[in-house]
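Worksheet for the structure shown next.
For this chain, numbers begin at 1 and follow the sequence in order.
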Amino acid sequence: MDHYDEDQDYRHPEDDWDRDLLLDPAWEKQQRKTFTAWCNSHLRKAGTQIENIEEDFRDGLKLMLLLEVISGERLAKPERGKMRVHKISNVNKALNFIASKGVKLVSIGAEEIVDGNAKMTLGMIWTIILRFAIQDISVEETSAKEGLLLWCQRKTAPYKNVNIQNFHISWKDGLGFCALIHRHRPELIDYAKLRKDDPMTNLNTAFDVAEKYLDIPKMLDAEDIVGTARPDEKAIMTYVSSFYHAFSGAQKLLEWIRRTIPWLENRMPENTMQAMQQKLEDFRDYRRLHKPPKVQEKCQLEINFNTLQTKLRLSNRPAFMPSEGKMVSDINNAWGGLEGAEKGYEEWLLNEIRRLERLDHLAEKFRQKAAIHEAWTEGKEEMLQRRDYETATLSEIKALLKKHEAFESDLAAHQDRVEQIAAIAQELNELDYYDSPSVNARCQRICDQWDALGALSQKRSEALQRTEKLLETIDQLYLEFAKRAAPFNNWMEGAMEDLQDSFIVHTIEEIQGLSTAHEQFKATLPEADKERQAILGIHNEIAKIVQTYHVNMAGSNPYTTINPQEVNAKWDKVRQLVPLRDQSLIEEHARQQNNERLRRQFANQANVIGPWIQTKMEEIGRISIEMHGTLEDQLTHLRQYEKSIINYKPKIDQLEGDHQLIQAALIFDNKHTNYTMEHIRVGWEQLLTTIARTINEIENQILTRDAKGISQEQLNEFRASFNHFDRKRTGIMDAEDFKTCLISMGYNLVKQSPLFLFKLPSGNGNEQNLPPPCDLSAVFSTPEWEGLLPRPHAPPVCLQGENEFSRIMSVVDPNRMGVVTFQGFIDFMSRETADTDTADQVMASFKILAGDKVGPDPNAPLLTVCLVKLTDWRPAPRRPGSLTFSL
């Protein structure tokens with residue numbers, strides 16, 4: 001075989017290449033094409049593919065699907081929304097899965113992928129290829145890139161002109177690809193006919209054969225490799241890794257079997273039904289998703305092996321002998337072990353599920369009965385240990401005795417449930433329940449608690465009977481104490497509330513009234529002290545009886561919660577509060593005097609400043625409407641006016657200082673003035689804003705006048721018209737006012753206009769009706785036309801309507817505020833009158849056209865019809881000799 005060269009050294013160093021070519025953007029084109037083909041080679045197993053690598057992965061859905069296909073694992077459920085947040089969530093799930101495989105993602109974020117960043121997307125796909133297609137390659141204790149390079153060197157070593165030293169220029173002539181194919185499938189390529197100086201043919205041959213016979217998609221075009229000085233290393237590595245995986249099918253299948261059998265032989269039982277059902281679901285996924293591709297792969301390996309052996313035998317070549325442990329028999333033996341483990345695992349799963357079902361039933365029954373019993377016993381020990389009888393009244397002791405008798409009957413009725421709980425716990429122990437320790441502990445607690453409840457019940461019954469007899473002897477004394485102590489306690493509590501109650505007063509008279517009431521209260525204190533001494537004497541008699549008979553009353557009274565200590569404490573509190581109240585009243589009297597002074601000081605200034613601001617506002621309003629003199633004079637006057645207003649600012653500041661003193665004193669009303677500081681602030685700001693806006697309007701009017709050549713007389717006319725229709729005198733016109741103004745100027749703004757007729761004299765003395773399309777009063781009001789044409793039956797209007805008004809409003813009110821400012825009015829009027837002929841100009845032009853046919857003689861030939869061409873109006877036939885006037 002002349003294409004082999006056993007003595008050739010395939011480790012010659014690569015030729016020098018221009019390192020500046022590293023910056024050639026051709027790498028991106030090669031990576032796009034290679035990575036897209038690689039992704040599609042896996043995505044087609046799921047029935048889909050991508051067209052544009054940076055666009056089709058933006059929503060994260062196909063990216064998650066790609067990772068599931070190449071890893072054989074399930075990812076988290078993707079988001080199906082179309083919003084950006086959903087896309088970022090899906091891409092993050094994919095990136096987190098990649099990171100969970102020990103891959104460190106550097107500078108690759110979900111936002112860049114969602115935004116379609118091409119370089120970041122290519123970097124992410126390259127990371128995936130490295131992890132799932134190259135990292136696991138292992139050849140002679142080398143792995144990943146070095147392992148793949150060593151595998152290529154070993155496979156291509158016997159071939160002439162092949163020297164694989166890297167993953168870029170070593171593959172430019174295409175012989176490396178052809179050698180890999182010929183080494184494993186010699187029947188597919190006639191290597192002896194290949195030439196090193198024909199790289200295009202070599203590359204196309206290798207790529208076409210790989211795509212047609214080896215199921216390796218065409219990831220690059222021959223032009224991509226030959227046309228660049230240094231092909232992209234990542235693209236070549238990706239392409240070559242596909243050859244590695246295509247020719248290492250037996251090893252990959254055996255490795256998969258070796259990884260799967262330990263999983264199937266794992267008989268570690270789960271403690272819960274949910275966990276076992278998850279194992280069963282994982283086993284079903286294995287049979288439905290993971291095993292079928294491997295069955296197909298095994299079948300294809302056998303077919304390829306048999307085909308190869310047949311072709312080698314027919315060509316009188318030695319049979320192909322796989323390496324040790326990779327024979328077809330080795331694969332069949334491993335496969336048999338896999339199926340045996342699979343069958344045993346399935347049987348174990350079903351038996352475990354049936355066992356857990358029985359245990360879960362018993363455990364649930366135990367939990368239900370235990371929960372019912374524990375709910376019933378909850379608080380029972382605390383209730384039986386309660387020493388409430390020591391402080392209870394006689395009637396309460398009798399009620400407690402009856403209640404305890406009912407409890408003892410209920411206690412005896414629950415004996416049967418306790419026995420059932422113990423029996424179920426015993427059965428769970430016999431069936432080797434995984435949680436037997438907790439079941440036994442719970443059962444023991446229930447039994448111990450049951451014994452404790454019996455002992456406590458007996459003890460409480462004896463204590464209740466003993467206390468009942470002792471309480472009857474002192475009940476009457478307690479009752480008398482309660483009758484005297486309750487009203488006295490209420491009096492003291494009321495007194496403390498009154499003495500501590502915060503008072504709100506606004507005048508000196510109010511504080512004087514409070515002082516008088518306080519003096520009257522102090523006069524009642526000696527009589528109250530006598531009542532206190534009598535109540536304490538009753539309690540001392542009760543204490544003597546309790547000490548004599550050793551009754552544990554704990555100092556409490558069943559008829560009242562009041563005790564002597566509380567009576568004394570409250571009395572002392574009343575005595576302490578009296579002088580404090582005296583001091584508070586004195587201080588409040590002084591504070592009210594100071595507050596009155598502050599109110600008057602603020603009111604004196606506010607009552608001057610408030611009317612001054614209002615007057616200035618009204619004056620500015622009149623100035624903005626009545627403007628006299630030239631615009632420059634008005635502007636000068638307004639600026640002087642503005643200066644005088646600003647000079648008033650110190651008085652506003654002084655009022656602010658007085659307002660701060662009032663706020664510090666917490667004064668919220670002032671009967672001496674109706675003005676507040678907020679009113680003054682708002683009025684002052686409105687005053688400054690109004691004068692500034694008025695000055696700005698005058699400046700804009702000057703700019704408009706100078707830019708459009710408007711005379712002062714025209715400007716005054718515009719102002720007069722604007723003020724006339726500004727009915728509210730606000731300096732702006734609303735839409736209805738503006739519409740009225742337009743109608744008065746001759747604009748036709750009625751929604752549906754009737755057709756009115758002019759009556760014109762005909763040659764025979766009869767009147768003739770003609771349709772006037774618009775108001776021609778500007779022409780016919782001149783002396784030359786006076787009396788020539790009669791007035792129409794009604795004011796003529798054009799068929800324009802609301803559409804015309806809406807158009808005009810969009811010009812004068814571009815912001816759609818619903819109002820027209822004077823500046824907008826000036827702009828509109830200047831545009832409308834810019835090139836309009838006067839009535840005299842129209843008349844003069846028409847006389848030139850009519851010649852001697854126009855004159856004052858009513859019997860002379862007259863203008864019989866004047867037509868204005870408007871939309872949707874068709875003139876009637878003209879009389880012979882009549883003239884047409886078109887605007």
Full working for side-chain contact (heavy atoms from CB on, under 4.5 Å) between Phe366 and Glu427: CA-CA 10 Å; Phe366 174 83; Glu427 187 175 359; over 6 Å; no
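- When the shell of 6.0 Å around CD of Glu527 is examined, it contains 12 or fewer heavy atoms from other residues, nucleotides or ligands.
- The minimum heavy-atom distance between Ile535 and Phe488, with the atom names listed, is CD1-CB, 3.6 Å.
- Gln385 and Glu381 share no side-chain donor-acceptor pair at under 3.5 Å.
- Panel note: side chain Lys369, backbone Arg417; no donor-acceptor pair is recorded below 3.5 Å.
- Looking only at side-chain heavy atoms (C-beta outward), Leu499 and Leu580 stay at 4.5 Å or farther from each other.
- One finds a salt bridge joining Arg599 and Glu596 here, because a Lys/Arg side-chain nitrogen approaches an Asp/Glu carboxylate oxygen to under 4.0 Å.
- Annotation for Gln663: atom CD counts as buried by contact number, over 12 foreign heavy atoms lying within 6.0 Å.
- With hydrogens and angles left out, the side-chain atoms of Arg591 and Asn594 include no donor and acceptor closer than 3.5 Å.
- Between Asp501 and Arg581, none of the side-chain N atoms (NZ, or NE/NH1/NH2) sits under 4.0 Å from a carboxylate O, so this pair counts as no salt bridge.
- Side chains of Thr673 and Asn670: a donor-acceptor N/O pair is absent below 3.5 angstrom, by distance only.
- Checked options Leu428, Asn440, Leu356; the residue passing with Tyr433 is Leu428 (criterion: side-chain contact (heavy atoms from CB on, under 4.5 Å)).
- Glu342 contributes atom CD, which lies 10.0 Å from atom OG1 of Thr260 (distance to the nearest 0.5 angstrom).
- A salt bridge links Arg532 with Asp529; the closest basic N to acidic carboxylate O contact falls under 4.0 Å.
- Side-chain contact between Val85 and Glu79 is absent, with no heavy-atom pair separated by less than 4.5 Å.
- Looking at Glu352 and Arg355, a side-chain N of the basic residue comes within less than 4.0 Å of a carboxylate O on the acidic one, giving a salt bridge.
- Residue-environment remark: NZ (Lys380) exceeds the threshold of 12 foreign heavy atoms within 6.0 Å.
- Side-chain contact between His518 and Val578 is present, with at least one heavy-atom pair separated by less than 4.5 Å.
- The backbone N or O of Leu61 lies less than 3.5 Å from no partner atom in the side chain of Asn90, so there is not a single donor-acceptor pair.
- Nearest heavy-atom pair across Ala425 and Val439 is CB-CG1, 3.9 Å.
- In this model, no donor atom of one side chain and acceptor atom of the other lie less than 3.5 Å apart for Ser89 and His86.
- Put simply, NZ on Lys402 and CG on Leu464 are 13.5 Å apart, with the number rounded to the nearest 0.5 Å.
- Atoms CZ and CG, on Phe407 and Leu400 in that order, are 13.5 Å from each other to the nearest 0.5 Å.
- The environment of CG in Asp285 is crowded: more than 12 heavy-atom neighbours from other residues, nucleotides or ligands sit within 6.0 Å.
- Judged as a side chain to side chain donor-acceptor pair (under 3.5 Å), the pairs with a partner in residues 403-413 (not counting sequence neighbours) are, in order, Trp376-Asp410, His404-Glu408, His404-Ser457, Glu408-Ser457, Asp410-His414.
- Surrounding CZ of Arg84 are more than 12 heavy atoms belonging to other residues, nucleotides or ligands, all under 6.0 Å away.
- For the atom pair CG (Leu67) and CZ (Arg74), the distance works out to 15.5 Å, reported to the nearest 0.5 Å.
- Between Lys279 and Tyr345 the shortest side-chain heavy-atom distance falls below 4.5 Å.
- Side-chain atoms of Asn489 do not come within 3.5 Å of backbone N or O of Ala485 as any donor-acceptor pair.
- Here the OG1-CD1 distance, from Thr127 to Ile108, works out to 4.5 Å after rounding to the nearest 0.5 Å.
- With no hydrogens or angles considered, a side-chain donor-acceptor pair links Gln592 and Glu588 at under 3.5 Å.
- The closest donor-acceptor contact from the side chain of Glu68 to the backbone of Leu75 lies under 3.5 Å.
- Ionic pairing of Arg287 and Glu346 is present here: one or more N-O contacts between side-chain nitrogen and carboxylate oxygen are shorter than 4.0 angstrom.
- Judged purely by distance below 3.5 Å, without hydrogens or angles, the side chains of Asp448 and Gln444 pair a donor atom with an acceptor atom.
- A 6.0 Å sphere centred on CD of Gln274 holds no more than 12 heavy atoms belonging to other residues, nucleotides or ligands.
- In this structure, a donor-acceptor pair under 3.5 Å is present between the side chains of Gln278 and Asp282.
- Salt bridge annotation for Glu382-Arg386: absent, with no cationic side-chain nitrogen under 4.0 angstrom from a carboxylate oxygen.
- Checking Glu678 against His659 by side-chain atom types alone, no donor-acceptor pair falls below 3.5 Å.
- Atom NZ of Lys483 has 12 or fewer heavy atoms from other residues, nucleotides or ligands within 6.0 Å.
- Residues Thr560 and Tyr478 fail the side-chain proximity criterion, which asks for heavy atoms closer than 4.5 Å.
- Under a 3.5 Å cut-off, the side chain of Asn540 and the backbone N or O of Leu536 do form a donor-acceptor pair.
- The distance from the CD1 atom of Ile424 to the CD atom of Gln368 is 9.5 Å, given to the nearest 0.5 Å.
- Listed for the Arg131 side chain is no donor-acceptor partner under 3.5 Å among the backbone atoms of Gly102.
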Step-by-step side-chain contact (heavy atoms from CB on, under 4.5 Å) determination, Thr524 to Trp491: CA-CA 11 Å; Thr524 64; Trp491 177 86; 4.2 Å; yes
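- Between Arg367 and Asp360 there is no salt bridge, since no side-chain nitrogen of the basic residue lies less than 4.0 Å from a carboxylate oxygen of the acidic one.
- More than 12 heavy atoms of other residues, nucleotides or ligands shown are found within 6.0 angstrom of CD on Glu364.
- Ion pairing of Glu531 with Arg484 is present here, as a side-chain N (NZ or NE/NH1/NH2) and a carboxylate O approach within less than 4.0 Å.
- At a threshold of 4.5 Å between non-hydrogen side-chain atoms, the residues Lys573 and Met492 do not count as touching.
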